[in-house]
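In what follows, residues are counted from 1 in the order of the sequence shown.
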Amino acid sequence: MIDINEMRKPMLAMGLPRINEAYTLYYDETNNIRRLHIRSDGLNVKDLKVFVLGGVVHRGDPRELSLAALTTELRLQPSIKEMKFKHLADGDLLDALDTRKIEIFLDWLLAQDLEVHFFALDPLYWSVVDVIDSILAEHREPRLSAAHQNLKNDLYGLLRLNPDHTIDLFQRYDYPDVGAARRPAFVAELLDLLEQHEDAFPHFSYYMLKGTLQIARGLERLPFLEDETPNVLIDRFGMFFLQRLCLFKNARHILDVEPAIRDELARHTLVDAGKPFENFGFAESHEEPGVQISDVVVGLLGRLFTFVVAHDRDALDVIRESLTERQTGNLASLSRLLARSLAETPAFLHFTLSLEDHYKLWRLVDGPNAVS
């Protein structure tokens with residue numbers, strides 16, 4: 001049983017505007033790997049991409065969304081019964097941005113009374129931040145807790161300098177089930193790794209992370225690294241769906257039919273003030289234009305976020321300067337769409353990415369002068 005008010009309480013504390021409004025949110029997803037775990041030969045997924053759950057949203061109750069004008073302009077084949085991202089573009093982000101059909105789609109979307117919403121998750125980032133969360137949960141130092149995002153960013157930055165070494169480290173310690181007996185050795189290896197790469201960090205960041213890991217050596221436990229399932233980094237993705245349903249409590253959520261997600265949500269009973277609560281339903285994508293639009297939205301966003309995570313700042317700056325006119329225009333359209341959605345409520349855009357990847361994202365989307 002899940003009390004929706006308890007689950008949304010941390011977000012309510014942030015004072016986000018308009019999360020109690022009556023919206024209709026349409027959903028699709030991309031890069032759902034179902035489960036992320038460590039095998040003897042490494043991760044079960046070799047090419048990790050950013051998971052995106054989201055789509056389009058409008059105020060008020062569900063309404064008819066017509067795709068007639070859009071599909072005509074896109075010149076989709078009559079045999080196509082439902083619009084999907086693959087019908088508009090393929091390849092990576094740059095390939096997608098260079099297509100006329102994506103240009104048509106973004107122009108159409110900007111002309112509609114629709115915003116976008118999403119939950120974006122870097123699976124590896126999600127998997128490693130339990131180290132910092134465990135230290136802060138046990139140490140309970142307010143000033144250190146205030147720096148939690150920076151600490152997570154720096155630890156993730158350290159561990160992705162050499163992904164193969166990171167996975168080897170996780171294998172040897174059955175991460176996340178490190179346990180009490182192996183905790184000192186695990187923390188010692190993290191400290192050694194950090195000291196080897198001191199030059200990769202600003203002076204202050206290096207010593208903040210080093211000090212935090214040194215604190216871990218004296219703690220009695222690291223709660224999120226004990227009594228866990230060995231080698232399982234993400235067991236299921238249904239929790240992320242539940243978070244969105246609870247956050248937008250007064251909205252109507254229309255999800256694409258996905259048997260695994262439908263079955264997982266069916267295992268949970270949502271309650272509001274002790275009474276059964278349900279604010280979502282499933283729709284076949286070929287019958288629901290909102291889901292079809294969402295397929296294209298998350299397809300493009302999934303490529304955007306994955307591209308950003310895969311490139312460093314300098315590479316992205318070079319790429320930005322070399323974009324074609326169409327790529328530049330489509331990136332500007334996407335920027336306007338994100339800005340418009342953000343203005344409605346920041347809660348529409350939820351990122352579980354490192355601070356560095358946040359920085360790179362807005363630098364790419366909004367241009368070289370968008371971030372100081």
Just wondering, are more than 12 heavy atoms of other shown residues or ligands nearer than 6.0 Å to [atom1] in [X]?
X	atom1	value
R63	CZ	yes
D90	CG	no
K275	NZ	no
K152	NZ	yes

Just say parallel, tilted or perpendicular for the rings of [X] and [Y], cut-offs at 30° and 60°.
X	Y	value
F240	F119	parallel
H253	F248	tilted
Y26	H58	tilted
Y156	Y125	perpendicular

When you compare the side chain of [Y] with that of [X], does any pair of heavy atoms fall below 4.5 Å?
X	Y	answer
L155	V129	no
V116	V57	no
T229	D177	no
L209	L194	yes
L74	M83	yes
N5	R8	yes
I167	L43	yes
L233	H37	no

Go through the steps to decide whether D168 and R172 satisfy the test salt bridge (charged side-chain N to carboxylate O under 4.0 Å, His left out), and finish with yes or no. CA-CA 6 Å; D168 174 69; R172 289 186 287 107; 3.0 Å; yes
side-chain contact (heavy atoms from CB on, under 4.5 Å) evaluation trace for L109 with V296: CA-CA 11 Å; L109 195 54; V296 181; over 6 Å; no
Charged N to carboxylate O below 4.0 Å: is that the case for [X] and [Y]?
X	Y	answer
K86	D295	no
D113	R59	no
K360	D357	yes
D256	R262	no
R183	E226	yes
R100	E103	yes
D235	R35	yes
D95	R303	no
E29	R34	yes

Quick check: does any side chain N or O of [X] sit under 3.5 Å from a backbone N or O of [Y], one acting as donor and the other as acceptor?
X	Y	value
E141	R143	yes
Q171	R39	yes
N250	A22	no
T345	P17	yes
Q112	W108	yes
H268	L265	no
Q292	S285	yes
N153	S354	no
R252	D61	no

Is the closest side-chain donor-acceptor distance between Q327 and T324 under 3.5 Å? yes
Would you say the rings of [Y] and [X] are close, in the sense that their centroids are separated by under 6.0 Å?
X	Y	answer
F305	F118	yes
F280	F241	no
F237	F51	yes
F201	H197	no

Working to the nearest 0.5 angstrom, can you tell me the gap between [X] [atom1] and [Y] [atom2]?
X	Y	atom1	atom2	result
D366	R336	CG	CZ	11.0 Å
R340	S335	CZ	OG	12.0 Å
K210	L158	NZ	CG	13.0 Å
L301	L53	CG	CG	11.5 Å
M7	K249	CE	NZ	14.0 Å
R244	L255	CZ	CG	11.5 Å

What's the shortest heavy-atom distance between I4 and D272, and which atoms? CD1-CB, 3.9 Å
Can a cation-pi geometry be assigned to R313 and Y359, taking NZ or CZ under 6.0 Å from the six-membered ring centre and within 45° of the ring axis?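 Flagged: R313 positioned over aromatic ring of Y359.
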